[in-house]
Amino acid sequence: MAPRILVVDDNPELLTLLTQLFENAGYSVAAASRGKQALELARTTPPEVAVLDILLPDMMGYHLADALRKERPE
């Protein structure tokens with residue numbers, strides 16, 4: 001099974017581009033445009049890696065990274 005990457009960005013063009021690039025490289029990608037949406041995705045299907053935008057509409061990317069680390073400290 002391909003490693004799962006969570007990509008979070010509120011710019012739809014960049015989110016699409018990153019998703020396509022990672023999928024073309026053989027990764028399984030979960031994409032979100034908001035922090036809370038990303039947390040829900042991470043809870044249902046945990047990613048191995050997350051690529052986060054810093055300035056999201058509903059939270060800072062730093063806060064999202066902290067929340068993801070608390071969900072899965074490993």
Subject >> Set of residues satisfying side chain to side chain contact (heavy atoms under 4.5 Å, CB included) with respect to L55, sequence neighbours excluded >> reply: M60

Original post:
When clusters are formed by joining ILVMFWY residues with side-chain heavy atoms under 4.5 Å apart, either directly or through shared neighbours, do L64 and V51 land in the same one?
Top reply: no

**OP:** For M59 and H63, work out which heavy atoms get closest and say how close.
**Re:** SD-C, 4.5 Å

List the atom pairs, with distances to 0.1 Å, where a side-chain N or O of residues 4-11 and a protein N or O form a donor-acceptor pair under 3.5 Å, not counting sequence neighbours.
{"residue": "R4", "atom": "NE", "partner": "T45", "partner atom": "O", "Å": "3.1"}
{"residue": "R4", "atom": "NE", "partner": "T45", "partner atom": "OG1", "Å": "3.1"}
{"residue": "R4", "atom": "NH1", "partner": "S28", "partner atom": "OG", "Å": "3.3"}
{"residue": "R4", "atom": "NH2", "partner": "T45", "partner atom": "OG1", "Å": "2.8"}
{"residue": "D9", "atom": "OD1", "partner": "N11", "partner atom": "N", "Å": "2.8"}
{"residue": "N11", "atom": "OD1", "partner": "E13", "partner atom": "N", "Å": "3.0"}
{"residue": "N11", "atom": "OD1", "partner": "L14", "partner atom": "N", "Å": "3.1"}

Subject >> CG on L17 to CG on L15, rounded to 0.5 Å >> reply: 9.5 Å

Subject >> Residue pair L68 / A50: nearest heavy atoms and the distance that separates them >> reply: CD1-CB, 4.1 Å

**OP:** Indicate the atoms forming the closest heavy-atom contact of P57 with R34, along with that distance.
**Re:** CB-NH1, 2.9 Å

**OP:** Measure across A32 and L41 and return the closest heavy-atom pair with its distance rounded to 0.1 Å.
**Re:** CB-CD1, 3.9 Å

**OP:** Heavy atoms only: give me the nearest Q37-A31 pair and the separation to one decimal.
**Re:** NE2-O, 4.3 Å

**OP:** Can you measure from NZ (K70) to CG (L39) and round to the nearest 0.5 angstrom?
**Re:** 11.0 Å

**OP:** Might you point out which heavy atoms bring G61 and L52 nearest each other, and give the distance in Å?
**Re:** O-CD1, 3.8 Å

